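Inspection log for the structure reproduced underneath, given as structure tokens.
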Amino acid sequence: MLVTEQDRLRQDIDALVERHGHARSALMPILQEVQRNYSLVSPYAMQVIADRLGIHPVEVHGVVSFYSYLSEKPKGRYIVRLCRTISCDMAGKTRIARQLENDLGIEFGETSRDGAFTLEWANCIGMCDQGPALLVNEKVFTRVTPAQVHEIIAECRAIFGNQAHQLREGLHS
Amino acid sequence: MTAAHGNPSGGPSGKPTGGLTFATVDSEAGLKVALSGPRPDIVMKLRESGLRGRGGAGFPTAVKWTLAAAARGEQKFVVCNADEGEPGTFKDRVILNEFPDLVFAGMTIGGRAIGAREGILYLRAEYTYMRDALEAVLERRRKAGLLGANAGGLAGFEFDIRIQMGAGAYVCGEETALIESLEGQRGEPRNRPPFPVDTGFMGLPSIVNNVETLAWVACIMAKGPEWFKAVGTDKSTGLKLFSVSGDCARPGVYEFPLGITVAKLLEAVGGSDAKAVQVGGASGHCLPRSEFTRALAFEDISTGGSIIVFGQSRDMLEVARNFLEFFVEESCGQCTPCRDGSVKLLEGVELLEEGECSTAYLRELKGLSKTMQLASKCGLGQSAPNAFLSIVEHFQGEILGRSAAGI
Amino acid sequence: MVDKNEDPLTVRTPRSMQAPAGQAATAMPDAIGGTIRAVIDGQTIKVPVGTTILEAAKELGIRIPTLCHHPDLCIAGVCRICTVEVEGQRTLQAACTYPITAPIKVSTSTRTVRQARRHVIDLLLSRHYGECYSCARSNNCELQALAKEYGVEFFRFGQKEHRDHEIEDSSYSVVRDMDKCVLCRRCVRTCIDLQEVGVLEAIGRGDQTAIGTFMNKPLADVVCINCGQCINRCPTGALREKDHIEEIWEAIDDPAKHVVIQTAPSPRAGIGETYGLAPGRALTFEMNTALRRAGFDKVFDTNFTADLTIIEEGTELILRLYNALVKKDPKVALPQLTSCSPGWVKFIEHFYPEYLPNVSSAKSPQQMFGALIKTFYAEKNGIDPKDIVSVSLMPCTAKKFECNRPEMADSGYKDVDFGVTTRELGKMLQQAGIDLPNVPKSEFDDPFGGATGSGVIFGATGGVMEAALRSVVEFITGLKVEDLYEHADIVPVRGFDGVKYLEIKIPDAVGPVPDIIKHLVPDWNWAKGATLKFAVAHGTANAKKIMEDIKAGGKFSECHFIEVMGCPGGCIGGGGQPIPTSPEIRAARARAIYSEDAAYAIRKSHENPAVLKIYEEFLTDGPCGHKSHHLLHTHYTARGKYIA
Ligand SMILES: Cc1cc2nc3c(=O)[nH]c(=O)nc-3n(C[C@H](O)[C@H](O)[C@H](O)COP(=O)(O)O)c2cc1C
Ligand code: SF4
Ligand code: SF4
Ligand code: SF4
Ligand code: SF4
Ligand code: FES
Ligand code: FES
């Protein structure tokens, strides 16, 4: 990482610490915002956060590795999380999964080379009566049909392509 | 976006939730009652109502609140458990979408009852899309004087609520894991005792309650305990929301009095020809048709309200596998029976799928299941083998002696 | 009863919280006078509120097996081997976590309990790469013992037949074999809670949970201080020291090599345990014989350089005080911090590098000895230093790292070739068929010969301070320490309090400056009436407390001299000492050391004739002189805590 990038990250973290406080109980909100803004919690970020909160970097790593929504590796701009739990399974998640893999050209657990998409399994996302259900970042899609997979992805790509500079906003709208 | 958007609010898309009792209760009426009377009246009314926790375990809410009220601590906390991660459960999502005021009123009432100044709503990461709306409701309540200094107009009563997001871990629905998460730790359940009512968030007395429980608290305050316990059974009073999914005609959120039989419920949702029903989500039990006469009540089958219907053509071993995969991944990983036991059960299911599991080994796995139920540290491990056990018990004919290719 | 006799330093608020203090009294009618009646397997006992079932059972002589529990650490309750039946409870309860706050009836060995324990063992074995015959911990492994105790005669849930992890041996000190890990997290609690270094933590979730380092980097690349405390508390062979037994045998077998060994005080107090003796019996002189029988050419006493350290470090302290107080040199760094514990040295290099100028530049006794053996001793005996293989027997895994520091080659060669631990030497002697407890006694070899009691007590926390004070106080006041402290036992710095503090007022009458440092300070007038302040800390968690206080300008920043030992209890509790460890075991080893001190005729470093002689013959420009600076002093590396 370039020094300037590290500086920016450090400043961001300092601002977050300013807002959420130095107590360990501030850790989750800080990590969540770093994840949201950078698509990962980098090793350097973990160390800066640990330093500011007076805990050990390995403890931060332990926390990041515990939660599915935090990651030490970069995630795509769009994280597609398809529910694989029983109700969605019965509603046909397998075909949606296959179509997602086909259309994105990646497998579950992978990130597309352009950094646009990460494809992941999710455990029950609370849409069981409207399965198969998936989340794209924070947005929920239900009763998804294989044919709609293409539509959902195309829409994300459009945003990704057109507003590359506003990704952070577009992503979480 | 134009593609098939989810409908986070309603039950099945389009099905109005206006029919729920929550739609008929004025959230602020309950708050007013709770703030105007003497403090102990609140738990007294709750005790009379017989309200038991709607999160699954069914612990009497009045007892929990009484303990927390009596516990010493320079500060106390009201925590609303909106981690709703149990497979097949989605009623809390609906409540938070449609009736957030009831939940926040319930939390405020809890604050008054136990002497807390801070409330925390722990919202699962998967529900981030609801956050802004909930924040807006909180802001509106602050402006209306329902939160903050002299909350609800009660001089000297200070209470506010903040939202903290989960980060994708089912186990954080377990109350002590939830507290660990709030404290910035890995979501690993604590040793109990001590219990959160005296050693909770930051080591201080805390009550952790389910979203629905808190909404009912507001209702009970508004309408009185008699109104509440007019329905239900002696030990399971009142109404309960059920999240129904799977092979039925009309999945969605339903409201029934506790004590309703499985058969009756199936009838209402259009699932009468089911082969089996999973009550209580992945950690619940799988009932075959012969047990459809059982009652959904704490004294019979306790449940947080997840009902998953399996049609005649479903392969029950696949169901067991799906649940065990869930537990292998969602176990917090700290204690031996749960972490390693779930793996062994899943491997057992694989053996069954291959048709390579001896009856003797299956018996061994049943023994292991019992150990998991008894010796695991928290409710997750204690209930992880439930589905496996009931499927193995009730559908033995279906799962033994398969050929590798399938049935 | 239930006198836990814990190190105060281990009593911290555990993350998963112990018994609530206030809760019981109000709710429990039986809690009269703060005690409660517990019935365990039909036997009745009264225990204080909050006593765990495990502790109560122990009082009754009922054994409940444990695995994740350790007397030095906070309670985890994760292995679930200790579960018992508690009347009225739906599930089994972990005896190690369950606080008795109400009358209680417990059964510790019902069919259900035994079955559950057996299952827990079976599950652990199914994920454990068992190769006991080739494992460093065979016969001293808690998992193996449990399997035997519960009659495991087949692997109910299978056995791990392939490795999933490579053995991680990047560190000079600690080897990690994660295929043998049972996830008891004792190492995590040791490293984070007990030592507050923060290298190890549980990483991942569910079946993927594993003990890892920051970003799973090799141990050599993270902030590990090599203290080995995690090894001491690991129940299995998942953590062990890097072993040099084979290399040493090879050197011994090579006729061209002159193999010498120096032995530190703590291993003598511990090695008996590797032969099954109760802790607390020193085998100093038996070991001398045994080492010669094993093939070492010379056996030296590290206490000699411990005495030398006191002279060098004490002189350095006097110089710092003189320069600060008399010459008013603002650059003098005070308090002076001890440097003989390499675990502590690496700790300060990582976490408080800005305070490195405070650390005494004197080498540790091991490294002083190493430098002298390949110079002074080689010269004196006409041996080519390249043919000398210098081994040191230490209680310590960090010494293995220390002797591999690139700067530790002032003799022109690697000053110390191998640091071996008490545990390794125990194995070597057993391999050589030596029945250590029963061999005749013999003396150390010259020219370093006998030491003083001061050198011996280096092994226990407060020992370096006591030794230093015995000399420095005598130097300055001209009085005998015996006149100030009975038997020259400076009791205030003894014992296992995490942090100890002591003030000594210099009287208005001072003595003459001893010859040995006359060229450095002209007189003691400047010290008249001064109050000198000292502190002692052991375990890096306590060191951290002191350093934070110094940073904040608190009372320890006004100290003149502070002893810090990296390990809880000091070196007697070192990471290379026999396993198991507990407060009681460390106390027994300390007693052995102090009684050895008491038995010495000479108990002050500056009275050691061999030390005085080396200043006459070899280090002729005196303590902190040019030659001693070259051979006996060193410098440190500011490492910082960020990892690239
Ligand atoms: C693994 C596990 C997951 C749980 N998940 C939830 C949950 O998502 N929501 C919830 O309200 N309770 C959940 N619980 C139950 C809580 O621990 C706790 O009992 C509940 O929040 C108490 O609230 P109540 O008394 O109002 O039901 C879970 C328990 C376990 C063991
Ligand atoms: S039962 Fe499972 S989730 Fe609960 S503490 Fe044990 S490993 Fe963690
Ligand atoms: S040797 Fe010490 S610092 Fe290193 S991992 Fe072990 S306990 Fe931690
Ligand atoms: S390495 Fe040893 S001490 Fe650490 S968790 Fe594994 S078995 Fe326990
Ligand atoms: S205290 Fe002793 S055993 Fe521990 S690191 Fe220091 S020198 Fe080694
Ligand atoms: S099972 Fe897919 S959302 Fe619940
Ligand atoms: S020793 Fe009690 S749970 Fe491990």
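Reminder, nothing fancy here: chain letters follow the sequence lines and each chain counts from 1. Just so it is clear, the structure is predicted and the values come from calculations on it, not from any experiment. Note: hydrogens, waters and symmetry copies are ignored here, and every other heavy atom, side chains too, is used.
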Problem set entry | N/O donor-acceptor pair under 3.5 Å between C:Glu55 side chain and C:Thr52 backbone | yes
Problem set entry | Top contributor to chain B contacts, counting heavy-atom pairs under 4.5 Å, from C:Leu124, C:Ile81, C:Thr112 | C:Leu124
Problem set entry | Interface moiety of B:Ala375 toward chain C, non-hydrogen atoms closer than 4.5 Å | both
Exercise. What part of B:Val328 lies closer than 4.5 angstrom to a heavy atom of chain C: side chain, backbone, both or neither?
Worked result: both
Problem set entry | Other residues, nucleotides, ligands: >12 heavy atoms within 6.0 Å of C:Lys544 NZ | yes
Exercise. Is the backbone of C:Arg233 close enough, under 3.5 Å, to the side chain of C:Arg186 for a donor and an acceptor to pair up by distance?
Worked result: yes
Exercise. By a 4.5 Å heavy-atom criterion (distance strictly below it), what part of C:Val113 contacts chain B: side chain, backbone, both, or neither?
Worked result: neither
For this session: Determine whether the side chains of B:Thr371 and B:Gln373 contain a donor N or O and an acceptor N or O closer than 3.5 Å.
Result: no
Problem set entry | Donor-acceptor side-chain pairing of C:Ser126 and C:Gln159 below 3.5 angstrom | no
Exercise. Any ion pair linking B:Glu188 and B:Lys377 (charged N to carboxylate O, less than 4.0 Å)?
Worked result: no
Exercise. Where does C:Ala202 contact chain B at under 4.5 Å (heavy atoms): side chain, backbone, both or neither?
Worked result: both
For this session: Examine whether an atom of B:Ala70 lies under 4.5 Å from a heavy atom of chain C, and if so say whether it belongs to the side chain, the backbone or both; otherwise answer neither.
Result: neither
Problem set entry | Residues in residues 115-122 of chain C that sit under 4.5 Å from chain B, counting heavy atoms only | C:Gln115, C:Ala116, C:His119, C:Val120
Exercise. Between the side chain of B:Asn191 and the main-chain N/O of C:Thr97, is any donor-acceptor distance below 3.5 Å?
Worked result: no
Exercise. Should the heavy atoms of other residues, nucleotides or ligands under 6.0 Å from NZ of B:Lys366 be counted, would the total exceed 12?
Worked result: yes
Seminar exercise, completed: Bottom line for B:Glu364: the part with an atom under 4.5 Å from chain C's heavy atoms is both
Exercise. How long is the span from the NZ atom in C:Lys58 to the CD1 atom in C:Ile40, to the nearest 0.5 Å?
Worked result: 13.0 Å
Problem set entry | Proximity breakdown for B:Ser376 and chain C, heavy-atom pairs closer than 4.5 Å | backbone
Exercise. Considering only heavy atoms, which portion of C:Arg205 lies under 4.5 Å from any heavy atom of chain B: side chain, backbone, both, or neither?
Worked result: both
Seminar exercise, completed: Whatever's closer than 4.5 Å to a heavy atom in chain B on C:Thr209 counts as side chain
Problem set entry | Proximal component of C:Tyr98, with respect to chain B [non-hydrogen, under 4.5 Å] | side chain
Exercise. Could you go step by step and tell me if C:Asp207 and B:Arg339 meet the salt bridge (charged side-chain N to carboxylate O under 4.0 Å, His left out) rule?
Worked result: CA-CA 6 Å; C:Asp207 66 329; B:Arg339 178 194 60 231; over 6 Å; no
Problem set entry | Under 3.5 Å: donor-acceptor pair, side chain of C:Thr51, backbone of C:Val47 | no
For this session: With sequence neighbours left out, write down each residue that passes side-chain contact (heavy atoms from CB on, under 4.5 Å) with C:Asp179, or none if nothing qualifies.
Result: C:Tyr129, C:Lys160, C:Arg163, C:Asp164, C:His165, C:Asp177
Problem set entry | Side chain, backbone, both or neither of C:Gln93 within contact of chain B (heavy atoms, under 4.5 Å) | side chain
Exercise. What part of B:Tyr361 is in contact with chain C, defined as an atom under 4.5 angstrom from a non-hydrogen atom: side chain, backbone, both or neither?
Worked result: side chain
